[in-house]
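To find a chain, count down the sequence lines: A is the first, B the second, and so on, and within it residues start at 1.
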There are 2 protein chains.
Amino acid sequence: MAPRRGSSRKIGQVPLYEMVDGELRQRLLHKTYPPGSMIPSEMKLAAELGVSQGTVRRALNGLVDEGLLTRRQGLGTFVPEIEDRRSLFLFFNMIGHDGQHELPPAELISCDTGQATPAEAERLALSPGSPVRRLLRVRHLRGLPTIIERIVVSEAVLPGLGDEMSLPDHLFRHYERAYGKTVTSAEERLRAAAATVEDAQLLGIDPGTPLLEIDRVAYEFDRVPLEWRCSRCNTAAHDYLVDRR
Amino acid sequence: MAPRRGSSRKIGQVPLYEMVDGELRQRLLHKTYPPGSMIPSEMKLAAELGVSQGTVRRALNGLVDEGLLTRRQGLGTFVPEIEDRRSLFLFFNMIGHDGQHELPPAELISCDTGQATPAEAERLALSPGSPVRRLLRVRHLRGLPTIIERIVVSEAVLPGLGDEMSLPDHLFRHYERAYGKTVTSAEERLRAAAATVEDAQLLGIDPGTPLLEIDRVAYEFDRVPLEWRCSRCNTAAHDYLVDRR
DNA sequence: GAGTGGTCTAGACCACCCT
DNA sequence: GGGTGGTCTAGACCACTCA
């Protein structure tokens with residue numbers, strides 16, 4: 001790239017730092033820098049891409065703000081593994097009335113395969129009837145069954161999920177390690193729902209008890225749907241926390 | 001301030017841009033630059049504060065990211081009025097199943113004064129028994145009563161709230177215009193609850209219907225509590241949307 | 001044309017972390 | 001000591017807005 005002073009780009013052009021941002025996203029998507037590894041230093045990236053260190057820095061800052069990279073002063077810039085990133089708790093927001101906040105253990109109740117319903121197909125961007133896998137889990141908080149998770153994934157995207165003897169507690173980490181698929185964003189819709197008979201049995205409560213339903217689609221780098229998860233939570237002792245700034 | 005090259009600050013010192021950030025926050029808090037006005041240009045602030053334009057810029061960027069300032073290229077940097085800021089919808093996240101997203105009209109049902117209960121005192125950082133004002137409102141979506149809002153404010157902080165003939169729909173804007181108090185952040189806790197008999201009457205539903213309860217404390221600049229609002233929403237046709245990146 | 005924010009560069013010094 | 005990110009500066013050119 002030819003050196004240039006000032007902002008001499010043509011009109012309609014994208015800023016340089018956005019091009020750097022895009023290039024780095026591509027490398028992350030294609031695992032050029034795998035999770036856990038260090039990416040080249042700002043100076044090296046600047047030299048390689050033909051821009052100044054400040055421009056690389058600006059792009060990196062954006063990616064760091066999104067949680068796609070982490071920096072360690074004196075060490076370097078790293079691709080976080082799932083447990084390092086905000087994501088671990090980014091996607092689990094239930095907090096005890098006493099302030100307790102931890103990811104509770106999950107018990108796998110059932111796992112079967114089937115054909116995508118229209119609702120499943122829509123959320124996972126599949127054709128109706130595509131093979132999907134459905135998992136049913138229950139999470140225990142303080143020893144009490146509190147959250148029911150109904151998980152649906154495409155058999156083509158995450159083949160054989162749940163065939164393992166014991167499925168890990170933290171599925172997002174499993175997606176990353178076993179399939180090389182990284183969850184980077186999600187959209188949640190919350191509503192209230194009455195416990196069905198099945199819900200009531202799983203949670204040890206009366207049918208009709210109000211539950212908090214969290215309907216979430218989790219996405220990979222390119223907004224490719226990875227998982228649909230519909231959770232129902234007994235909020236007798238826990239709230240869903242939202243901090244707005 | 002003595003000019004300096006590079007980062008020659010003493011250890012334990014706060015970065016310059018954070019000092020600029022703090023100074024600007026103070027000015028916003030004290031309404032040195034009132035809502036709707038333009039603040040001095042980057043160059044002027046830099047000269048006044050004895051730092052470079054880049055350092056002012058960095059501080060401004062942070063405040064813009066928080067929604068405390070907005071920039072308009074070619075014009076200047078402005079203190080947003082409440083309807084300009086993200087806040088308008090930042091604090092209203094109910095979205096129709098069809099994607100509709102608008103602030104629905106509110107009907108004031110009742111307004112009375114009383115002494116703060118322990119729960120009210122805790123959330124509003126008051127002494128129990130302090131005078132408070134309680135408002136009860138119902139919001140209509142698509143013509144149907146959908147959200148009950150129970151609002152509590154300190155009589156000392158927002159005196160006479162609701163004495164007006166007609167209370168505006170958008171209370172945060174009213175706080176800013178009538179009291180000079182700006183809501184800048186909030187903490188929400190969501191849970192499921194069964195409709196009480198009163199809830200059921202207000203919403204035209206059966207008692208026991210599951211409702212989404214949004215328990216929210218709204219804060220001023222310095223994390224001073226301004227309002228406690230406990231909303232109960234009928235989620236038959238609307239969800240609470242959370243977008244996670 | 002004058003003033004504003006937006007982008008980009010080059011170079012400096014610092015604190016931190018490793019070996 | 002050498003490399004990394006963190007902070008700060010000075011100065012350039014651009015696009016945008018208004019008069």
Measure from [atom1] on [X] to [atom2] on [N] and round the result to the nearest Å.
X       : N      : atom1 : atom2 : result
B:Arg58 : C:dG6  : CZ    : P     : 16 Å
A:Ile39 : D:dT4  : CD1   : C1'   : 12 Å
A:Tyr17 : D:dC14 : OH    : P     : 18 Å
A:Leu49 : C:dC8  : CG    : P     : 13 Å
A:Arg71 : D:dG3  : CZ    : C1'   : 15 Å
B:Leu16 : D:dT9  : CG    : C1'   : 10 Å
B:Asn61 : C:dT4  : CG    : C1'   : 15 Å
A:Glu42 : C:dG11 : CD    : C1'   : 14 Å

Note to self: What I want to check is whether the side chains of B:Glu227 and B:Tyr175 have a donor and an acceptor closer together than 3.5 Å.
What the structure shows: yes
Suppose we screen for side-chain hydrogen bond (donor to acceptor under 3.5 Å, both in side chains). Which residues come up paired with [X], at least two apart in sequence or across chains?
X        : value
A:Arg72  : none
B:Arg177 : B:Glu83
B:Asp243 : none
B:Glu187 : none

Polar atom pairs between nucleotides 17-19 of chain C and protein, under 3.5 Å, N or O only, would you list them?
none

Next item on the list: Applying salt bridge (Lys or Arg N to Asp or Glu O under 4.0 Å), name anything that partners A:Arg133, two or more places apart in sequence or on another chain.
Entry: A:Glu155, A:Asp163
Next item on the list: Ignoring backbone atoms, establish whether B:Lys44 has a side-chain N or O less than 4.0 Å from OP1 or OP2 of C:dT4.
Entry: yes
Check: Hey, are the side chains of A:Val51 and A:Val20 touching, using non-hydrogen atoms and a 4.5 Å cut-off?
Finding: yes
Margin query: Looking only at the side chain of B:Pro15 (C-beta and beyond, no hydrogens), which of the listed nucleotides D:dT9, C:dT4, D:dC8 gets closest?
Written below: D:dC8
Check: Which nucleotide, C:dC8, C:dG5, D:dT9, lies nearest any side-chain atom of A:Thr55?
Finding: C:dC8
Next item on the list: Look at all strands and tell whether B:Arg57 reaches a base, only sugar-phosphate, or nothing, counting heavy atoms closer than 4.0 Å.
Entry: base
Note to self: On DNA chain C, compare the nucleotides closest to A:Ser52 and B:Met43; which residue's is nearer the 5' end?
What the structure shows: B:Met43
